[in-house]
Each structure stands twice: as C-alpha cells, then as structure tokens.
Asks: 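Input: one structure, supplied below.
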Amino acid sequence: MPGPIGRAGGRLRDEQTAGGDAGARLQGCAPLCLLHFLVAVILYFDVYAQHLAFFSRFSARGPARALHPAASSSANCSRPNTTAPSSGLPEAPSARPGSTAPILPPCPDSPPGLVGRLLIEFTSPMPLERVQRENPGVLLGGRYTPPDCTPAQTVAVIIPFRHREHHLRYWLHYLHPILRRQRLRYGIYVINQHGEDTFNRAKLLNVGFLEALKEDATYDCFIFSDVDLVPMDDRNLYRCGDQPRHFAIAMDKFGFRLPYSGYFGGVSGLSKAQFLRINGFPNEYWGWGGEDDDIFNRISLTGMKISRPDVRIGRYRMIKHDRDKHNEPNPQRFTKIQNTKLTMKRDGIGSVRYQVLEVSRQPLFTNITVDIGRPPSWPPRG
C-alpha cells in the first residue's frame with residue numbers, strides 16, 4: 001500500500017495529466033472562440049450602422065434651420081437688422097417654412113405722421129446736396145417705398161420742365177418729405193423740353209405718362225405738377241380716387257380761392273384708367289394757357305367729375321417768377337377749348353410724337369430730356 005507521500009505524488013500526477021488534457025482542449029478551442037468573437041463584433045457594428053442611417057434620414061426631413069440654431073442666433077445678435085452674408089438663411093420674420101419675405105400691413109388711409117399746415121418759404125439757399133441729405137431713404141431716380149407698410153397705389157409724379165433749376169430744388173426740398181410722410185410708393189419724373197421753341201406743357205405731361213410706364217408698368221396713379229407750386233398742408237394726399245383729382249384749388253396768387261369752377265390747373269391727378277379714358281392730354285396747346293381747360297372738358301365729356309380737397313387743405317404757395325421766354329399766351333387757346341369734343345379723340349396720348357434725347361437718373365429725380373417738335377405756323381392776327 002503506498003504511503004501518504006506516494007498517494008500525494010499520484011494525485012499530483014493525475015492533476016498534471018488532467019491539466020495537460022484541459023490545456024490541450026483549450027488550445028484547440030482558441031481559434032473557434034476568436035472567430036466567434038469577430039463575428040459578434042461585425043454583427044454589432046452592422047446593426048449600429050443601420051440604426052444610425054435610419055435616424056439620419058429622419059432628421060433630414062426637418063427644417064434646415066433646425067440644424068444650426070446657434071449659428072443663426074449669433075448672426076442676428078452680432079449684426080442687428082442685417083442678414084448674415086454667408087449663412088443663406090432668411091431673416092427672423094420670414095424664417096418659417098415656405099415664407100420668403102415678411103408680409104407688411106397695408107398703409108393706413110390716414111397716415112399717422114402727418115404734420116398738417118406747413119410753413120413754406122423760398123428765401124433760404126437750397127443746394128441739391130442738402131436736399132439729398134434730408135432724404136436718405138429716397139433711391140436713385142427719385143424712387144421711394146415705405147419700409148413699414150404696403151401702399152395701395154404706385155404713384156408717378158410728372159413735372160413739365162425747362163430752365164427752372166432754382167424752382168426744382170425748392171420743390172424737391174418740400175415734396176419728398178411730404179410724400180414720404182404720406183406713405184406713398186412713388187417716383188419723380190422731370191420731363192425737360194429740349195431747345196428754345198414754344199413751350200408745350202400738356203404734351204410734356206403725355207410724354208411723362210408714357211416714359212414712366214416704360215420704367216415701371218405698375219404705376220396706376222399719375223400726379224401732374226407744375227414745378228413752382230408747393231402744397232402748404234401735407235394732409236393734401238397725393239393719391240388717385242374714383243374721380244380725377246384737382247389738388248391746387250387755393251393758390252396764394254389767387255387769394256387762396258378757386259379762380260373759377262372749371263379750373264383744373266397747377267396740380268392734378270388721374271388714375272391710369274382715367275387718363276386713358278380721356279385719351280390723355282391735348283398735344284396742340286403751344287404756349288401758355290388753355291390746356292388745363294381742355295383737360296377739364298375731356299373729363300366732363302366722358303362722364304367723370306372733378307374731386308377736390310377742402311379749401312383749407314388745398315392751399316399752395318407759388319414761387320414768384322417772371323413769365324418764361326417762349327411761353328407766351330397761346331392766341332388760339334379759346335377757339336381750341338370750344339372744340340374739345342371734336343378734337344379729343346384724334347389729339348391725345350394716342351397721337352403724341354416725340355424723341356427721347358437723354359434719360360438721367362439723379363439721386364432725387366429722373367430727368368428725361370425730349371424733343372417734342374415745333375409748333376405749327378399760326379396765321380397772323382387781325
């Protein structure tokens with residue numbers, strides 16, 4: 001019988017033999033376990049990639065602005081009232097999906113910033129540079145659009161002109177602030193008659209109507225104003241209505257009264273439809289006088305009536321001046337006025353002939369110099 005030492009040695013040999021068998025089995029299992037581990041890792045990453053792609057597609061369906069909220073916020077804070085030059089994102093008011101620009105409310109019928117009665121004087125020097133500084137919101141060519149509301153009309157202001165630069169500076173000085181306070185979308189057009197032939201106010205107004213529409217077909221209201229007349233109350237709104245409008249009803253040279261019931265001179269306004277309905281203005285009134293009475297006849301003959309402001313609001317100051325050379329009274333004006341019914345269909349906007357010599361867009365107005373021809377030879381009087 002083996003002793004304790006022998007039995008211990010036998011157990012040791014048996015354990016060594018069992019350990020050797022286990023080690024051999026473990027060595028045989030190692031490649032299989034490694035392969036199993038690699039397969040598990042590959043499967044795990046494949047499932048993870050599928051989940052990642054799914055959530056990426058889901059996030060792409062959302063608005064683009066949600067991808068970089070911090071960048072958009074920082075741009076607005078660092079550059080107030082401006083757009084970030086490189087972000088390509090809309091400003092905050094239009095950041096909603098599907099919107100492109102903020103929708104402005106309609107301009108009020110009674111603008112809140114009107115002053116009322118104005119102090120008008122023509123003694124202070126009035127360089128154009130000063131007028132330009134006073135009206136920073138007016139764009140090249142004398143165009144203006146209110147920044148806070150949408151006007152119901154687009155207004156073209158037409159001025160017949162020749163050799164009146166001094167008057168024009170005062171007119172621009174007073175009228176631009178008035179028109180801006182009235183919340184008008186407007187443009188100023190100075191129609192300059194070329195040469196020294198007899199002046200033709202009404203024909204120049206026809207030219208202004210056509211040339212303004214060439215620049216902007218959305219004009220639907222036309223204000224025809226002499227350059228030497230300035231309104232004394234900004235509540236005299238330069239807009240068009242259901243009927244042709246006469247604005248200058250109380251001039252200082254007439255004692256602030258309407259000289260006669262059919263007077264339509266100085267400053268008037270017609271919508272595009274009203275102007276075309278009367279075939280525009282006559283082209284055959286060369287020299288001073290008569291064309292405004294002919295226009296009044298055209299309006300009456302087409303069934304329309306003149307609308308006017310209250311006499312306390314329709315007050316105007318005229319810049320004093322001598323009568324222009326080559327603008328002498330038209331000796332045929334009274335005969336022509338009596339024949340408006342016979343001449344208005346053939347003489348008007350459809351028959352005007354002229355040549356544009358130059359279009360110059362100045363900071364405060366658009367100057368259009370035109371050749372309107374010469375008057376016909378009148379037979380000697382007496």
Side-chain angles (χ1 to χ4, degrees), residues 81-82 91 93 101-116 118 120 126-161 165 167-192 205 208-227 229-241 245 247-248 267-272 275 316 359-368:
N81 300 323
T82 61
E91 295 182 6
I103 299 176
L104 298 177
C107 292
D109 292 335
S110 299
L114 298 181
V115 177
L118 304 172
I120 307 296
M126 196 55 61
L128 280 177
E129 293 76 13
R130 171 185 168 181
V131 183
Q132 188 175 352
R133 290 194 303 268
E134 294 170 344
N135 298 277
V138 176
L139 303 180
L140 188 68
R143 301 296 300 270
Y144 178 79
T145 299
D148 56 350
C149 62
T150 302
Q153 299 176 344
T154 303
V155 180
V157 184
I158 312 296
I159 301 174
F161 186 85
E165 289 77 9
H167 296 174
L168 180 61
R169 290 194 292 268
Y170 283 111
W171 191 95
L172 295 169
H173 165 69
Y174 286 112
L175 265 296
H176 269 304
I178 290 174
L179 299 178
R180 289 191 292 110
R181 289 197 299 270
Q182 292 181 358
R183 297 292 198 277
L184 299 180
R185 178 171 51 227
Y186 68 88
I188 306 296
Y189 296 87
V190 175
I191 313 302
N192 179 39
L205 297 178
F209 175 86
L210 294 174
E211 292 301 313
L213 285 174
K214 287 181 182 179
E215 181 176 272
D216 188 346
T218 66
Y219 282 124
D220 51 7
C221 176
F222 295 83
I223 308 298
F224 305 97
S225 175
D226 290 345
V227 73
L229 287 175
V230 174
M232 300 177 64
D233 197 310
D234 60 3
R235 293 171 295 178
N236 194 0
L237 302 177
Y238 276 29
R239 299 173 182 168
C240 293
R245 185 76 165 174
F247 297 97
V267 185
S268 59
L270 292 89
S271 69
K272 179 180 178 181
F275 188 87
Y316 279 75
V359 177
S360 176
R361 291 176 176 83
Q362 302 294 324
L364 299 169
F365 62 96
T366 296
N367 183 85
I368 303 177

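Predicted, not measured: the structure shown is a model, and the values here were computed from it.
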Asks: With distance as the sole test, does R361 use its side chain to make a donor-acceptor pair with the main-chain N or O of L140 at under 3.5 Å?
Replies: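 No, R361 side chain to L140 backbone: no donor-acceptor pair under 3.5 Å.
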
Asks: Taking the six-membered ring for Trp and the full ring for Phe, Tyr or His, determine whether the centres of Y186 and H176 are under 6.0 Å apart.
Replies: yes

Asks: Apply side-chain contact (heavy atoms from CB on, under 4.5 Å) to the pair L172 and N135, showing each step before the final yes or no.
Replies: CA-CA 10 Å; L172 295 169; N135 298 277; over 6 Å; no

Asks: So with a 6.0 Å cut-off around CG of D109, is the heavy-atom count from everything else above 12?
Replies: no

Asks: Is any side-chain heavy atom of P151 closer than 4.5 Å to a side-chain heavy atom of L184?
Replies: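 Side-chain contact under 4.5 Å: no.
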
Asks: Applying side-chain contact (heavy atoms from CB on, under 4.5 Å) to F365 and L175, what does each step give before you reach the verdict?
Replies: CA-CA 12 Å; F365 62 96; L175 265 296; over 6 Å; no

Asks: If we only count heavy atoms from C-beta on, is the V267 to Y316 side-chain gap below 4.5 Å?
Replies: yes

Asks: Where do I178 and P231 come nearest, in terms of heavy atoms and distance?
Replies: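 Heavy atoms only, the tightest pair is CD1-CG, 3.8 Å.
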
Asks: Hey, what do you get for OH (Y144) to CZ (R183), rounding to the nearest 0.5 Å?
Replies: 6.5 Å

Asks: Has D220 got a side-chain atom pairing as donor or acceptor with T154's backbone, closer than 3.5 angstrom?
Replies: yes

Asks: Give the minimum heavy-atom separation between R181 and P111, together with the two atoms involved.
Replies: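 Heavy-atom minimum between the residues: O-CB, 3.4 Å.
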
Asks: Could you go step by step and tell me if F222 and L270 meet the side-chain contact (heavy atoms from CB on, under 4.5 Å) rule?
Replies: CA-CA 5 Å; F222 295 83; L270 292 89; 5.7 Å; no

Asks: How far apart are the C-alpha atoms of F275 and L205, what are their side-chain angles, what is the distance that settles it, and do they pass the side-chain contact (heavy atoms from CB on, under 4.5 Å) test?
Replies: CA-CA 11 Å; F275 188 87; L205 297 178; 5.9 Å; no

Asks: Is any side-chain heavy atom of Q362 less than 4.5 Å from a side-chain heavy atom of L128?
Replies: no

Asks: Under a 4.5 Å cut-off applied to non-hydrogen side-chain atoms, are R130 and H173 in contact?
Replies: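 Yes. Closest side-chain heavy atoms under 4.5 Å.
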
Asks: Could you grab the distance from atom CG of L179 to atom CZ of R239, nearest 0.5 Å is fine?
Replies: 11.5 Å

Asks: Side chains of Y174 and I120: closer than 4.5 Å at any heavy-atom pair?
Replies: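 They are in contact (side-chain heavy atoms under 4.5 Å apart), so the answer is yes.
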
Asks: Mind telling me whether Y189 and Y219 have parallel, tilted or perpendicular rings, with 30° and 60° as the class edges?
Replies: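 Ring orientation of Y219 relative to Y189: perpendicular.
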
Asks: Shortest non-hydrogen contact from P108 to C149?
Replies: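 Heavy-atom minimum between the residues: CD-SG, 4.5 Å.
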
Asks: Where is the tightest heavy-atom contact between S225 and W171, given as atom of each residue plus distance?
Replies: OG-NE1, 3.4 Å

Asks: Which atom names give the shortest non-hydrogen contact between G141 and T366, and what distance separates them?
Replies: O-OG1, 2.9 Å

Asks: Can you find a heavy atom in the side chain of P146 that is under 4.5 Å from one in the side chain of R185?
Replies: yes

Asks: So, the side chain of N236 versus the backbone of M232: is there a donor-acceptor pair under 3.5 Å, distance only?
Replies: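 Side chain of N236 to backbone of M232, a donor-acceptor pair under 3.5 Å: no, none is there.
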
Asks: Rounded to the nearest 0.5 Å, how far apart are CG of N367 and CD1 of I188?
Replies: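 So the gap between those two atoms works out to 13.0 Å.
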
Asks: Compare all side-chain heavy atoms of V138 with those of R180 and state whether any distance is below 4.5 angstrom.
Replies: yes

Asks: Do I191 and F209 touch side chain to side chain, with heavy atoms closer than 4.5 Å?
Replies: no

Asks: Atom CE in M126, atom CG in L168: separation rounded to 0.5 Å?
Replies: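 One gets 12.0 Å once the value is rounded to the nearest 0.5 Å.
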
Asks: I'd like to know if the side chain of Q182 reaches the main chain of D234, judged simply by a donor and an acceptor atom lying under 3.5 Å from each other, with no hydrogens or angles considered.
Replies: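 At least one qualifying donor-acceptor pair exists.
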
Asks: Are any side-chain N or O atoms of E211 and backbone N or O atoms of I368, one a donor and one an acceptor, separated by less than 3.5 Å?
Replies: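 No, the answer is negative, given that no donor and acceptor are paired below the 3.5 Å cut-off.
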
Asks: Write down the atom of I158, the atom of G208, and the distance for their closest heavy-atom approach.
Replies: CD1-O, 3.6 Å

